[in-house]
Amino acid sequence: MPVIDGQSFNCILRTLQNINLAVKVFVDEINRPHISHEFSSTPPSNGNKLMPNTMLMYLKKLGDSFPIGKIYHSAEKEGERFFFLNLGITEIFLHIITWIDDPNLFEKLLHVIESFLLKQGSRNLSAAKTILEKQLVSIISLFPRIVASSGDWRLRLLEAFTTAFRNCEVESTHCLAYLAVIEEMVLPAVSCNVCTALGKGFVKA
């Protein structure tokens with residue numbers, strides 16, 4: 001639809017949140033080590049290897065319609081709403097990013113992630129800042145995995161991440177999310193306390 005009203009936006013956003021939760025549970029179940037218990041002694045099935053393809057099949061329609069809306073031609077309010085919905089779709093696919101073999105879909109996802117980080121780095125965010133902040137921790141926590149798979153997009157994503165981090169207020173609880181990502185990407189052998197101390201020193205500098 002070219003224009004989306006508030007009620008439709010809230011309905012679609014919550015639908016995407018439910019899909020996101022379902023995919024997250026699905027992926028966690030696949031990655032969970034098999035544990036025998038009194039109710040089931042059946043070893044894990046080889047069918048688990050086919051589950052990624054099954055999930056991608058279920059999400060194909062969502063991927064084909066992504067990004068939704070004419071983001072760059074809508075009025076500011078509608079464009080903002082479409083951006084949030086596309087961000088919700090992106091979050092869903094990030095759970096299965098290592099399974100995606102469609103380069104077109106993958107590039108569109110990276111583009112939305114870059115735009116999201118640049119919005120976080122902006123000092124002139126709209127009243128929708130709260131919605132963006134709710135998405136921050138979940139997407140930022142997956143950033144090392146995104147960068148590892150991003151190929152030619154790596155530099156652009158790192159620059160966008162740096163911009164967002166530099167504009168993050170020191171008192172913000174999100175600072176720890178950024179620092180945790182930096183630790184995972186750059187200092188995997190250093191304890192969290194040391195990384196936090198280094199990060200605080202960098203911010204003050």
Side-chain angles (χ1 to χ4, degrees), residues 1-28 52 54-143 145-147 149-150 153 156-157 159-161 163-164 167-168 172-174 177-178 181:
M1 59 184 82
V3 178
I4 183 169
D5 59 79
Q7 185 176 3
S8 297
F9 168 73
N10 290 329
C11 178
I12 299 172
L13 184 62
R14 279 158 180 73
T15 300
L16 289 174
Q17 289 170 347
N18 284 325
I19 296 174
N20 180 54
L21 180 59
V23 172
K24 184 178 185 302
V25 170
F26 185 93
V27 173
D28 288 345
T54 302
M55 177 57 71
L56 288 172
M57 180 183 69
Y58 287 144
L59 295 175
K60 185 178 186 304
K61 188 173 182 180
L62 191 62
D64 289 344
S65 63
F66 175 80
I68 59 173
K70 299 179 180 180
I71 305 176
Y72 303 107
H73 302 284
S74 302
E76 182 177 357
K77 190 171 185 179
E78 281 71 28
E80 200 169 63
R81 286 172 176 169
F82 282 126
F83 177 78
F84 294 143
L85 296 179
N86 283 313
L87 193 60
I89 295 174
T90 299
E91 188 176 0
I92 292 170
F93 280 105
L94 285 182
H95 293 300
I96 56 174
I97 192 169
T98 56
W99 302 344
I100 297 175
D101 56 3
D102 181 347
N104 184 46
L105 172 60
F106 192 72
E107 184 165 338
K108 289 187 291 186
L109 292 170
L110 296 181
H111 179 75
V112 172
I113 293 169
E114 181 189 37
S115 299
F116 166 73
L117 290 172
L118 293 176
K119 278 184 177 289
Q120 287 293 333
S122 171
R123 296 185 182 275
N124 298 310
L125 290 177
S126 67
K129 179 179 179 181
T130 303
I131 300 179
L132 285 173
E133 288 182 340
K134 288 181 180 178
Q135 300 281 355
L136 177 62
V137 174
S138 57
I139 290 183
I140 287 297
S141 64
L142 295 170
F143 192 74
R145 188 190 305 177
I146 298 169
V147 170
S149 308
S150 60
W153 275 77
R156 289 176 59 173
L157 292 175
E159 288 177 345
F161 176 89
T163 299
N167 287 281
C168 180
S172 171
T173 55
H174 295 145
Y178 285 111
V181 170

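In this chain, numbering begins with 1 at the start of the sequence shown. Side-chain atoms are counted along with the backbone in the values below, which use heavy atoms only and exclude waters and symmetry mates.
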When rounded to the nearest 0.5 angstrom, what is the spacing between [atom1] in [X] and [atom2] in [Y]?
X	Y	atom1	atom2	value
D102	E107	CG	CD	10.5 Å
L118	L157	CG	CG	9.5 Å
I12	L85	CD1	CG	5.5 Å
I96	L59	CD1	CG	5.0 Å
L109	I100	CG	CD1	5.0 Å
R156	I113	CZ	CD1	12.0 Å

What heavy-atom pair brings K108 and P67 nearest, and what distance separates the two atoms?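 For K108 versus P67, the nearest heavy atoms are CD-CD, 3.6 Å.
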Write down the atom of V147, the atom of S150, and the distance for their closest heavy-atom approach.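 Looks like O-OG, 2.7 Å.
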Atom NZ of K24: over 12 foreign heavy atoms under 6.0 Å: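 Not buried by this count: 12 neighbours or fewer within 6.0 Å.
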Do Y178 and F161 make the cut of ring centroids closer than 6.0 angstrom?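 Ring centres of F161 and Y178 closer than 6.0 Å.
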Taking C-beta and beyond as the side chain, do [X] and [Y] meet within less than 4.5 Å on heavy atoms?
X	Y	result
L117	I140	yes
F93	V112	no
F116	F83	yes

Any idea how F84 and F9 line up, ring-wise: parallel (<30°), tilted (30 to 60°), or perpendicular (>60°)?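 Rings of F84 and F9: tilted, 30 to 60°.
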Candidate pair F106 and I97, rule side-chain contact (heavy atoms from CB on, under 4.5 Å), full reasoning: CA-CA 8 Å; F106 192 72; I97 192 169; 3.4 Å; yes
Check: L62 main-chain N/O paired with S65 side-chain donor or acceptor under 3.5 Å: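 Yes, because the side chain of S65 sits within donor-acceptor range (under 3.5 Å) of the backbone of L62.
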Okay, side chain of N86, backbone of F66: is any donor-acceptor separation there less than 3.5 Å?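 Pair absent, no side-chain N/O of N86 close to backbone of F66.
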Quick one: do H95 and N20 satisfy side-chain hydrogen bond (donor to acceptor under 3.5 Å, both in side chains)? Show the steps, please. CA-CA 8 Å; H95 293 300; N20 180 54; 2.9 Å; yes
